[in-house]
Structure formats: structure tokens, C-alpha cells
Amino acid sequence: MLSVNGLKAKVGETEILKGLDLEVKPGEIHAIMGPNGSGKSTFSHVLSGRDGYEVTGGSVLFEGQDLLDMEPEERAQAGVFLAFQYPVELPGVNNTYFLKAALNSIRKARGESELDAVTFMRLIKEKLKILHLDDSLLKRAVNSGFSGGEKKRNEIFQMALLEPKLAILDETDSGLDIDALRVVADGVNALRSPERSMIVVTHYQRLLDYIEPDHVHVLAKGRIIRSGGKELALELEEKGYGWVLEQEQAA
Amino acid sequence: MTSTQAVDEIVRSEYEHGFVTEIESDTLPPGLDEGVVRAISARKGEPEFMTEWRLKAYRHWLTMPTPHWAAVHYPPIDYQAISYFSAPKRPEDAPKSLDEIDPALLETYEKLGIPIEEQKALAGIAVDAVFDSVSVATTFRESLAEAGVIFCAISEAVHDHPELIQKYLGSVVPHTDNYYAGLNAAVFSDGTFVYVPEGVRCPMELSTYFRINARNTGQFERTLIIAERGSYVSYLEGCTAPQRDENQLHAAVVELIAMDDAEIKYSTVQNWYPGDERGRGGIYNFVTKRGDCRGARSKISWTQVETGSAITWKYPSCILRGDDSVGEFYSVAVTKGRQQADTGTKMIHLGRNTRSTIVSKGISAGEGQQTYRGLVRISQRAAGARNHTQCDSLLIGDRCSANTIPYIEVKHPSANLEHEATTSKISEDQLFYCRSRGLTAEDAVSMIVNGFCKEVFNELPMEFAVEAQKLLSISLEGAVG
Ligand SMILES: Nc1ncnc2c1ncn2[C@@H]1O[C@H](COP(=O)(O)OP(=O)(O)OP(=O)(O)O)[C@@H](O)[C@H]1O
Ligand SMILES: [Mg+2]
């Protein structure tokens, strides 16, 4: 599904990703952990095509297509979804209207017909329930005045609606209270399927208790320096990153 | 593609309609003197009072200095190089069919969903007398006549209702008001006249589109609307479709008069040619619009969506003379490319318990420059007057600018004024967020912009609002995509 090889990227003069490799197969969940500033969000942004990053080496293939060659909206239409670490407010833009436009543009790109208002509303209400979100959210402007937790839940709600093939969740758990964390995890688990892969960026083992990953990676200094199963997350929780970094340096 | 580039591309939507030089059949040579003013009046067969009225304005205009505004820049206008009278084009000089019209212009008409016959009329094609809207217009005229509403060309009104013209013309915007009002009074070409008698609710929205016999109103348009006691009228001016016009200088005057308990709603969608990328050839739109709430509890609302013109200078205003009268101003103005706009409103509170609301939404893109200038004056007699002003600016890209200049003069201690102003930018974050959800950058911009303008669009008559929304998207989109 996703194949990242030796990916290097710069912001201005600073190289942030320094040869990153990652292989994600359909249906797999990969957790990426790593110290602050190690390049996790940068990686998510480069995958979804955000401006301001210069890719200086390596390749990214998504279902055989060169992802780096596509515009952000083309990536979304092809099935890549990023749940933002910091969701963006769009004052005045009605949430329902926004979601409908997004869904229809993706459906159109897939060669499917646009949804009529009634079908759309039915669909949207169903997805709201999964995330325990209130109907009133639909009448508000996108993320405008949402609480931190509401914003995060809204991201997963969008994901549920847009049904991507590859979802990248950038610290979706941070800022959530314990109940919300469970709701979000349930939402994510409901979307698990053999065709859908996820990359879950997190600092906390706790999320991985709810969303069980197939693989755990440590990203440090712009590279994946260690990969393992879910037990790696437990080990990190216990010992911190220091020991992995030391072992890496020794190697 | 960097997002600055993306934004640039959206913004650099060329106006897909160039100018077509037409052969005029009956045009006065360029230049302006008393002879020309007399000639204009004579060719229109005007009564003596009208000729004198024009001459008085002309003589005063000569004494007025040309205006200089801080916020707009353009080369000096040579008033002797303008031709002040051109009769309607002869059908044989007009394009014969849509085949002769710029296909890009037609594409815009398509996008706006304008019916084919209407497209022809807009493009200046000589249309057959049997085309739909003529019969529609006739039906409309009949039901207006039944209600006693007078809706005709102002040149007709000069002949048919001289007493109303003598009483009201220039009573809101006198020729001494400003340079362009003076010029307009001297040489005005034609325009619209509306009279709604006491207690009558005008049975339909009046739009210039149905005023077929007043086509070709030219560059010095004049509009006069009178709403008698307890009457109501909604008037729609302009057209969302790009309008062709070979005259660069437009100096219109609009006067509204509302008596006791009367209400006038005046909506404008303006989409004149803005000029090419360097701003060459665009229309200069210097308009004086003023409403006089003469009667108690009267109400005048201005709603406008301005996307065209190279330079716009315009302050639709309300004089709140009657006690408890209400003035409203809702505006969306877009400047992109090299467009400049200096707009705003004036709310002059004279009567007691008068209320005014100002909502101004300015959108600036490319190298567009925009200044909102609003005056709220509360006079000594205006006890209990209230104003609420909200001015929001939205910047797209980082080479455009927006200024907000509120002027407030309060002479009564009981006045209650609120002013809110915001400036925001469509950020790269917002664009990326939308695009990561599958929307194109163009759709994203148009969605954010329409959200920004919602409060104003809500004030427009339904159909107009839908068109205005489309227009805004198209004008920020790169029209022929
Ligand atoms: N636009 C930018 N300009 C300059 N430096 C940047 C920019 N974006 C990211 N960086 C730098 O790149 C490094 C990696 O940032 P990134 O946001 O990817 O880290 P992260 O792993 O997501 O951290 P966190 O766990 O705190 O979210 C940091 O040192 C950050 O300061
Ligand atoms: Mg991060």
C-alpha cells in the first residue's frame, strides 16, 4: 500500500527527514513514536503534500503511484487522509457544507455519483453517533470555537465519513480526556478493515492499549531507528527513548 | 507548486472580456461646454426647466476643483476628451449573433446560467423584438401600472411627470455635492425613475433588466426612487454578468427618498470591466448614492456586491432625518489584480431614535487595494441614536492591502455606537487543510470567501444571492479555468 524509501526532506536549510524507510501493507496499523522534534509531523505533512518542505531524496509509492508527484487534493482523492495534530479553523464555513463538498469531490474523483442531500444527511448522522458528537456541530463553522477535544474528534469523524485507504493520525490522542480517548479509539477501531491501513503517531502507550498496532517504530533524528511489535511500545514507556538512542549510536 | 503560487494563479483570473470598438451612429464630438450641455438637452427634447437645471449644474461644476483622494491612484482624466452624448447604437452596427462575441465571455454567461436570449442582450446584440423578456416586461409593466407604481426611464419621467422631477430631482444629491455629482447633473444620459404611491407595496422586485426601453443608459446614469408614505419597494441594480461598455468613466447618481413608514431596499451587483492584468482599460466607477429617510419610521437599506471596475469610489449613504428611521448598509467588495476601491458609507443621524447598521466585508487579492471609509454622524437633535458597525477584511496573498478608516462624530450624549473591525488572511494552513480533504485550492478559496460574506448575502433577494455567490467564486477562480 505505502512504500517509503530513503525519504529525505528539508525545511529551509535544515534537513529534518534523513533517509526514512517504511513499508505499510493493506490492513496494517503502524504506530510511530519518537521524541519531540524528531520529524513525526514533518513526515505526516510530506505524505499529505503540504507546502514548505523540499524533498531532497528518496521515494514514496502509494498503491504503485508516485505520491510525491501529486497535489494534496489528488492524494486525498486517491485515499490518503491526515488527521491533523492541530486542526485548522475555517470561520464562516459551515461544517455540513464543507463535509459534503469534500465527500463529493472525493466521490467524483473515484468515479462515483455525488450524494444527494438526504442520503448525505443520513450518512453523516450515522457517523456522528460513532464519535458521540452532537448534531449541533453540523451547523457550526469548521473547527471554529471547537474545544481541543472536539477538534480531535471532528478529525476522526471526517475520517469516518471520507473512508480513506491510508489514514495518518498525528497525535490524535493528545488533548483528549480519558472518555474521549476511548470514543476516538472506538471510532478508529470501527474503521479497521483489511483494505485500510493506518499510521498512528503518538507519544503515549495508552492509545495503543485501545488501538492495537501491528508494528511500532521509533522515529528519531529523521530516521526510523528501531521497529518492533507492540511490546516495543511498552518497553519505551518503561525506559524512555534514551536506551534506543544509545543502542543506535553504538551500532 | 507553492501555495503562494497557487493563490497567485487563482487571483490572476483574467477578465475574459476585452473591449469591442463600436461605430456610433449619433455621437457628439468630444469636449464639454455650455453648447454641449444644451445640445444634450435638445436631443432629448427636454423642457426648458431641465435645460436650465443642467446649465446651472454645469456652471457650478466649472468652479469645482478636481478631487484628490488619498487612497486611489489614477492618471488625471481629460474631461475634454470624453464624448458626452451617444445615441443608442443602430441595430446594424451591433454584433449580429453570438458567433461574433468573445467565446470566453459566453463561457462566463454559461457558468452563470444566463439564458441565451439574455446573453445576446448583455453582449449588445441587436435582439429581435419578439424575444421573451419583452413580453415578460410588458406583463410586469401592466401589473405595476395596476398598483399605480411608475417605473420608467428618467428621460420619460421628465416628459410624463415633470412635477415629480422638479420636486425631487437633485433634492438628495444636489449638483453642489461633489465634483462627479455636478458633472452628472450637467450631462446625465439616462437612468431609472421609480415612484411608489402611498400605501402601495410594490408587487415585484424591480430590476433594471426589465426596464427595456431604457437600455444604453451610458456613463452618466441617474436614478431617482420615491417611496410615498407606508409604501415598500425593492430595487435590483446591475447584473452579475460582465458588462461591456466602451466608456471608461462612470459617474452615476442615485437618489432615494422614503416618506413616513416607507421602506426602500436597494441591491446592487456591480461587475464592470476591471482592466487587464496591469489595470489598463478598466472602468472608473465614481458613484454618488444617497438615501433620504425623510419620514418618521422610514427605512433605507443598501446592499451591494462589488467585484468589477478598475477604480471604485462609492459611499452609499443614508440621511436619517425622520424620527425612528433606520439606515442599513451591507457590502461585499472584491479587489484583485490592480483594482482599487475606496468605499464605505455615511450614516447621518438627524432624527431622534434613529438606528443604523453597517456591515462591510472587504476581500483583497493579488495587488488589490481597498479602503473602507465610514462616517457615522450623530447630530445634536438625534437623541437615542444607535449605530452598529462591523468591518471585516479578508486578504488573499501578501501583496494586497486593506484599510479601515472609521469617522465618528457624536454631538449627542445619549448616542450608542459600537464598532468592530477584523482583518484576516486566508492562511496556507487553511488552504492545506481544505486540500487535504480533497478540495481544490480554488474551491477552498471560494468556500472560505463565501463563508466570510454570508451576512451580506443573506440580505440580498434570494435569486440575486445565489448569483452573487457564483459571481464571487468565478471572479476569484480564474474565470475560464
Ligand atoms: N516550518 C518549519 N520551519 C523551521 N523548522 C521546522 C519547521 N517545521 C518543522 N521544523 C522543525 O523540524 C523538526 C521536526 O518537527 P516536527 O513537527 O516534525 O516534530 P514532531 O516529531 O512532530 O514533534 P512533536 O512530537 O513535538 O509533535 C523540529 O525541530 C521543528 O522545529
Ligand atoms: Mg508533531
Side-chain angles (χ1 to χ4, degrees), chain A residues 44-54 69-95 97-110 140-144 151 154-155 157-159 161-164 167-168 170, chain B residues 1-10 332 359 361-363 390 392-398 420 422-458 465-466 469-470 472-473 476-477 481:
Chain A
S44 313
H45 288 151
V46 170
L47 287 184
S48 44
R50 192 194 170 103
D51 272 337
Y53 302 94
E54 190 193 343
D69 207 30
M70 295 156 75
E71 295 292 337
E73 60 270 30
E74 293 170 337
R75 301 182 198 202
Q77 288 159 0
V80 175
F81 179 90
L82 169 64
F84 283 55
Q85 182 173 2
Y86 304 108
V88 181
E89 302 196 2
L90 303 175
V93 178
N94 173 271
N95 218 355
Y97 182 71
F98 176 77
L99 293 169
K100 189 158 182 246
L103 181 61
N104 279 333
S105 107
I106 288 175
R107 288 180 65 92
K108 215 165 111 192
R110 286 190 203 142
R140 292 167 62 180
V142 182
N143 290 325
S144 239
K151 282 183 185 167
N154 192 40
E155 293 292 287
F157 164 57
Q158 291 183 4
M159 168 171 115
L161 190 69
L162 301 179
E163 302 186 320
I168 306 153
D170 191 359
Chain B
M1 183 163 66
T2 72
S3 93
T4 328
Q5 269 173 336
V7 167
D8 276 359
E9 241 156 75
I10 295 158
V332 167
V359 177
K361 304 276 180 178
I363 300 155
Q390 184 172 338
D392 299 321
S393 308
L394 184 68
L395 305 179
I396 306 176
D398 46 21
E420 288 172 49
T422 65
T423 299
S424 51
K425 244 180 133 141
I426 295 189
S427 66
E428 298 203 0
D429 283 345
Q430 288 175 325
L431 276 184
F432 174 61
Y433 190 73
C434 294
R435 295 179 76 189
S436 78
R437 298 301 181 249
L439 301 167
T440 62
E442 289 180 353
D443 286 345
V445 168
S446 124
M447 202 177 265
I448 294 168
V449 166
N450 276 309
F452 175 74
C453 300
K454 205 155 54 187
E455 278 167 277
V456 174
F457 287 163
N458 286 345
V466 173
Q469 228 174 70
K470 259 195 264 179
L472 209 62
S473 305
L476 288 169
E477 174 187 286

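Just so it is clear, the model here is predicted, and its values are computed rather than measured. Side-chain atoms are counted along with the backbone in the values below, which use heavy atoms only and exclude waters and symmetry mates. Labels below follow one simple rule: chain letters A, B, ... track the order of the sequence lines, proteins then strands, and each chain is numbered from 1.
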What closest approach, in Å, do [X] and [Y] show between heavy atoms, and which atom pair accounts for it?
| X | Y | result |
| --- | --- | --- |
| Gln77(A) | Ser105(A) | NE2-OG, 3.7 Å |
| Gly438(B) | Ile106(A) | CA-CG1, 4.2 Å |
| Ala101(A) | Met447(B) | CB-CE, 3.3 Å |

- Message: Please check: side-chain N/O of Asn95(A) versus main-chain N/O of Arg140(A), any donor-acceptor pairing under 3.5 Å?
- Response: no
- Item | Pairs where residues 437-456 of chain B contributes a residue and the test ring-ring contact (aromatic ring centres under 6.0 Å, His included) is met, not counting sequence neighbours | none
- Which of Pro164(A), Ala76(A), Pro87(A) touches chain B most, by non-hydrogen pairs under 4.5 Å: Ala76(A)
- Note on the structure: Ranking Val93(A), Val88(A), Val80(A) by heavy-atom pairs under 4.5 Å to chain B gives rank one to Val88(A)
Contact class of [X] relative to chain B, heavy atoms under 4.5 angstrom:
| X | result |
| --- | --- |
| Arg75(A) | neither |
| Leu162(A) | side chain |
| Asn104(A) | neither |
| Glu89(A) | backbone |
| Phe98(A) | both |

- Query: Less than 4.5 Å apart, any side-chain heavy atom of Leu394(B) and any of Lys361(B)?
  - Reply: no
